[in-house]
Amino acid sequence: MENADNDGKLRPEGGKIQTPFKHVTLIAEGIAGELQDGFICPPGKAFIGMKAWARSDEEAADMIQVIGKQISFEITGDIQIYYTDPSIPPQENPHGYDIKFTPFEE
């Protein structure tokens, strides 16, 4: 069993993994185009959600924007950042995962 705290240290039983990263969940409003890489969302207004391991809030915000552009999602609103418990352990580099979209109409 693994335990995690919000300071980015994942603690497997019997040890402690030190990481320079913190874990966050990001949510941002934007416009979905024809999404790439197997992501599904109707074109139009939507929220993107992503979990990430990053060194800072700024790096996490940059990551969601870059990843969004790579898969044809343009962020048009504020990026909300929340410190959350991780679902997966950190890796050697910052990374985003568990990307989801929620379409909406005004």
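On a predicted model such as this, the values are computed, not experimentally measured, just so you know. Along the sequence shown, residues carry numbers from 1.
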**Item:** Beyond-backbone contact of L35 with F101, side-chain heavy atoms, under 4.5 angstrom
**Value:**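 They are in side-chain contact.
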* Does a side-chain heavy-atom distance below 4.5 Å link K22 with W53? ->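 They are not in contact (no side-chain heavy atoms under 4.5 Å apart), so the answer is no.
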Any link between I64 and I31 through a network of hydrophobic side chains (Ile, Leu, Val, Met, Phe, Trp, Tyr) touching at under 4.5 Å?
->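 I64 and I31: separate clusters.
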ask   = Quick one: hydrophobic cluster around Y82, which other residues, with the 4.5 Å side-chain cut-off, linked directly or via members?
value =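 Once heavy-atom contacts under 4.5 Å are chained together, Y82 belongs with I27, F47, F104.
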Query - side-chain hydrogen bond (donor to acceptor under 3.5 Å, both in side chains) against K100, all qualifying residues, sequence neighbours excluded - result: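 Only D98 meet the side-chain hydrogen bond (donor to acceptor under 3.5 Å, both in side chains) criterion with K100.
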Working to the nearest 0.5 Å, report the span between [atom1] of [X] and [atom2] of [Y].
X   : Y   : atom1 : atom2 : result
F73 : Q36 : CZ    : CD    : 14.0 Å
H95 : M50 : NE2   : CE    : 9.5 Å
T19 : E92 : OG1   : CD    : 10.5 Å

Practice problem: For the residue pair Y97 and H23, categorise the inter-ring angle as parallel (less than 30°), tilted (30 to 60°) or perpendicular (more than 60°). | Solution: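 If you compare the ring of Y97 with that of H23, the planes turn out tilted.
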Test of understanding: with side chain to side chain contact (heavy atoms under 4.5 Å, CB included), list the residues that count as partners of [X], not counting sequence neighbours.
X   : result
D37 : F39, I71
D62 : Q65
A60 : V24, L26, A54
Q70 : V66, I67

| message | Please tell me whether K51 and T84 have a donor and an acceptor in their side chains that are separated by less than 3.5 angstrom. | response |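 The criterion, which ignores hydrogens and geometry beyond distance, is not satisfied for T84 and K51.
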Nearest atoms (heavy-atom pairs only) where P42 meets A32
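The answer is O-CB, 3.8 Å.
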So which atom in R55 and which in P94 form the shortest heavy-atom distance, rounded to 0.1 Å?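 Smallest heavy-atom distance, with atoms named: NH1-CG, 3.4 Å.
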